[in-house]
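Note sheet for the following structure.
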Amino acid sequence: MPNPSFRPPVSPARSGGFAAIRALGAAFVLLVTSLAAGPAAAQRVLVPEREWSDATGMFKVQASLVGIEGTALTLRQTDGTDLTIELDQLAPIDQLIARRTIRRLAHRGERPPQVEAFDTAARATNHTDFPPLAPEPLAADPADAGRGLVAGRVVITRRDPFDRVGRVIPLGGAGGVVLVGIENSTPGRPLPTRLVWVSMKSQTVIAEHDLSGAEIVLDYHPILERLLTVSREKLTAEGAAKQVLTLWDAAPSRKAATAWSAWRAPCGDGQPLARHPWGRIVNDALVVHQSSREEFSCWDIDAKRALYRLAQDPGHSPMPSLSGGGRYLALPDTRRVQVCDAATGKVLVSLPVGATSGVSFDPDGRRLALIQEGNAQIHDLADPTSPIPVFRVHGASAQRTALAWVGEEQLLIQSARGLAAVLWSAAKGLPVWRYEWQPVQSGDTVDDLAVRVVEGMLLYAAPPEDEDGAAGAGEGKKKPGTTLALIVAAKIPEPAVSKADDELPAGLPALVEPGTVMATKVDTGADHDREIATVAKTFERTKWVYDASSPAQVEVSTTAGGTVTYTDAERRERQLKQVTPTTRRIRVVVHGVPLVTAQRSTDIPDKLVLGAGETDKDLAARLPTPDLGWIERILFSPVLVDVTEADGLGTTACTAEGLVTKRAK
């Protein structure tokens, strides 16, 4: 039966057999149509029966989509009554489903798309725009519900000796679906990429699709049922790198994956291709892609142009992070992390924390974890004045560190010791447990295999326990078996790991703990008294004891150096003498070895340009001033451990059979 709350009172019938109905809210208009059984039955179902909701969430109906005219959608309820509603009056998820259908109808019957040359005139602005002087709190941006997985394992078969596992993407749904991209590395002429759709609930392969060429799978949007891939050539006849982005309609329920848009994504200014291809589907119209090693481009599919570009400093190429709902893009760099509006490229928040190798939004899209020179920081973007937990992590790469949230209070962070990651307690700043993997193929990294956590489920690829191939004649080598890999989803943290977290810091080699005698070292300057007061509060909170002779100390320092340049009206580069960049740092040092550090620098755009009628003094006056209050928000853990000696209280082997957990002795 239809939901009564979705059907307001009926107005008098109009000519043509249609009856107009207006909802209680002026923003929600429904036209209810009573059609004869014959014509209604003749209409084709475009979207099977499901629950549809208006933008307020107050009105819901179980119906199928049977007609689209412009932006008006016709929904057929279970009793045969038709409702017509405008696209923009639907809930956001329902709008995406409707837009997906509209786009498919527009491209129906077309041949494979020709590769187009989009307008690439957009320029990188994040290095020239001034960051917000007082950033506004950001609203939460969680992922759509329904992407959870269930525990299970599925065998992926090998078709060719050169098959390899590409991206593994959790989609969720009732079947706990996962998409696995199987790429092929045959020298000279690789075979087409294969899409393997698996259900963790049934532990079976539910569909397979071959793409039309050797594509690298970048992303998949489960609501839009849209796949993003890239094909690339490192060198072309023109002597430049070449890559083509393609969008596909793809779903396990479809007979095949169908390409409907393809365009060239040239590298900026002749830069080399990114070593690790990266791209994400932002929404129905936008795609963000790493077009070169030091530049990201946002493409507007409908307008066929680059909407904006974001640049990274030369030689620094960690991966960005897109919030769950696709609203925010966090871009790490050598001096700062910028959080941008993914739809416009506008810088919303700038965190001048120094060289950052990894970032990750929490499940709600309101907190951002980052790795800065081996230190983890957690920033609450919804409350810019909130405390900032900081703790030391061992072995994080200076270039690229994979990390992911496990629930709201734990982080899985890539380790430098082997193919592994360490689960950290974000609240305590302490290592809980170590997770280890075996490579499926040569060149695998932790990010390729494992740092994918969805609603408490760890998703990873594992090699088969026993290859079933046979040795080739005279080769002395084992041929690849029929099993390429197993895709495994397992619940974390396991009970033993949760118990270990509750026991922390017991069992860890603590270097500093409550009661430890500590000295202080604070630079003299205009803010000396304020910094002394901050250090005193740190001692009070951590229960450290002050002693000026201790080899362990809390240091606060300010370093000034470097120059700031700008371009004048005659396009000459000049020095802005009124401004000297500074870096302020707070850290805990034991016997000269830093245990944990946090820093912040003057947040000055890289490319300053003198405005019309502006003097150098005017330019200096509008530059951002240092945030003196951030040190007061730094939260060091009361217990600091020797992270070179401990990766937690035990180890879990992530095998083809599942998780094998072992507590350390």
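Worth knowing before you read on, the calculation uses all heavy atoms, side chains too, and leaves out hydrogens, waters and symmetry mates.
Judged purely by atom type and a 3.5 angstrom limit, Ser425 has no side-chain atom pairing as donor or acceptor with the backbone of Leu430. No side-chain donor-acceptor contact under 3.5 Å links Trp52 to the backbone of Leu90. Panel note: side chain Gln438, backbone Thr655; no donor-acceptor pair is recorded below 3.5 Å. Between the Ser199 side chain and the Gly175 main chain, a donor and an acceptor come within less than 3.5 Å of each other. A donor-acceptor pair under 3.5 Å links the side-chain atoms of Arg167 to the main chain of Leu218, judged by distance alone. Within the 3.5 Å criterion, the main-chain N or O of Ala653 finds no donor-acceptor partner in the side chain of Lys662. At distances below 3.5 Å, not a single donor-acceptor pair connects side-chain atoms of Gln95 with backbone N or O atoms of Ala98. Looking only at distances, no side-chain donor or acceptor of Asp249 sits under 3.5 Å from a matching main-chain atom of Thr258. In this structure, the side chain of Ser323 does not engage the main chain of Ser321 through any donor-acceptor pair within 3.5 Å.
Side-chain contact between Leu227 and Val217 is present, with heavy atoms from C-beta onward closer than 4.5 Å. Residues Met200 and Pro170 are not in side-chain contact: their nearest non-hydrogen atoms beyond the backbone lie 4.5 Å or more apart. Between Phe391 and Val639, every side-chain heavy-atom pair lies at or beyond the 4.5 Å cut-off. Counting only heavy atoms from C-beta outward, the side chains of Thr204 and Ile206 approach each other to under 4.5 Å. Annotation: side chain of Val359 is not in contact with side chain of Pro318 (no heavy-atom distance under 4.5 Å). Within the 4.5 Å cutoff, the side chain of Pro137 has no heavy atoms near those of the Asp383 side chain. Contact of the Leu286 side chain with the Asp300 side chain is registered, since non-hydrogen atoms from C-beta on lie closer than 4.5 Å. Using a 4.5 Å heavy-atom cutoff, the side chains of Ser415 and Asp647 are in contact.
Taking CH2 of Trp197 as the reference point, atom NE2 of His209 lies at 7.0 Å (rounded to 0.5 Å). One distance of note links OH of Tyr460 with CD1 of Ile487; it measures 10.0 Å at 0.5 Å rounding. A distance of 8.0 Å separates CD of Gln410 from CD1 of Ile492, quoted to the nearest 0.5 Å. For the atom pair CD1 of Ile216 and CD of Gln243, the computed distance is 9.0 Å after rounding to the nearest 0.5 Å. Separating the CG atom in Leu351 from the CG atom in Leu381 is a distance of 7.0 Å, to the nearest 0.5 Å. Within the model, atoms CH2 of Trp437 and CG of Leu419 stand 7.5 Å from one another, a figure rounded to the nearest 0.5 Å.
For Arg392, there are no salt bridge (charged side-chain N to carboxylate O under 4.0 Å, His left out) partners at least two apart in sequence or on another chain. Residues passing the side-chain hydrogen bond (donor to acceptor under 3.5 Å, both in side chains) test with Glu657 are Arg153, sequence neighbours excluded. Residues meeting the salt bridge (charged side-chain N to carboxylate O under 4.0 Å, His left out) test with Asp333, sequence neighbours left out: none. Residues forming a side-chain hydrogen bond (donor to acceptor under 3.5 Å, both in side chains) with His379 (at least two apart in sequence, or on another chain): Gln377. Judged as a salt bridge (charged side-chain N to carboxylate O under 4.0 Å, His left out), and not counting sequence neighbours, the contacts of Arg367 are Asp362, Glu408.
Scanning both residues, Pro113 and Ala259, for their nearest heavy atoms gives CD-O, 3.3 Å. Residue Ser386 comes nearest to Asp380 through the heavy atom pair OG-CB, 3.2 Å, listed as atom of the first residue, atom of the second, then distance. For the residue pair Arg232 and Pro277, the shortest heavy atom distance occurs at NH1-CG, 2.6 Å. Between Val198 and Val154, the shortest heavy-atom contact is CG1-CG1, 3.7 Å. Scanning all heavy atoms of the two residues, the minimum distance from Leu423 to Leu412 falls at N-CD1, 3.8 Å. Residues Asp341 and Tyr308 share a closest heavy-atom pair of O-OH, 4.0 Å.
A cation-pi geometry, defined here as NZ or CZ lying under 6.0 Å from the six-membered ring centre and within 45° of its normal, holds between Arg309 and Trp299.
Side-chain polar atoms of Thr661 and Thr652 form a donor-acceptor pair below 3.5 angstrom.
Listed by first then second residue, pairs satisfying side chain to side chain donor-acceptor pair (under 3.5 Å) with a partner in residues 211-221 read Glu215-Thr229, not counting sequence neighbours.
Under the 4.0 Å criterion applied to side-chain N and carboxylate O atoms, Arg226 and Asp284 are assigned as salt-bridge partners. Taking 4.0 Å as the cut-off between side-chain N and carboxylate O, Asp160 and Arg194 do not count as a salt-bridged pair. Salt bridge status for Asp141 with Arg327: absent, with no side-chain N to carboxylate O gap under 4.0 Å.
No more than 12 heavy atoms of other residues, nucleotides or ligands shown are found within 6.0 angstrom of NZ on Lys201.
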**OP:** Check the pair Ile413, Leu403 against side chain to side chain contact (heavy atoms under 4.5 Å, CB included), reporting the backbone distance first and the verdict last.
**Re:** CA-CA 4 Å; Ile413 303 176; Leu403 68 157; 4.1 Å; yes
**OP:** Applying side chain to side chain contact (heavy atoms under 4.5 Å, CB included), run through Arg663 and Trp433 and close with a yes or a no.
**Re:** CA-CA 9 Å; Arg663 177 94 182 213; Trp433 211 260; 4.0 Å; yes
Subject >> Steps toward side chain to side chain contact (heavy atoms under 4.5 Å, CB included) verdict (Val288, Leu322) >> reply: CA-CA 10 Å; Val288 176; Leu322 189 68; 5.8 Å; no
**OP:** Give the intermediate values and the outcome of side chain to side chain contact (heavy atoms under 4.5 Å, CB included) for residues Leu329 and Leu310.
**Re:** CA-CA 10 Å; Leu329 181 70; Leu310 301 174; 3.6 Å; yes
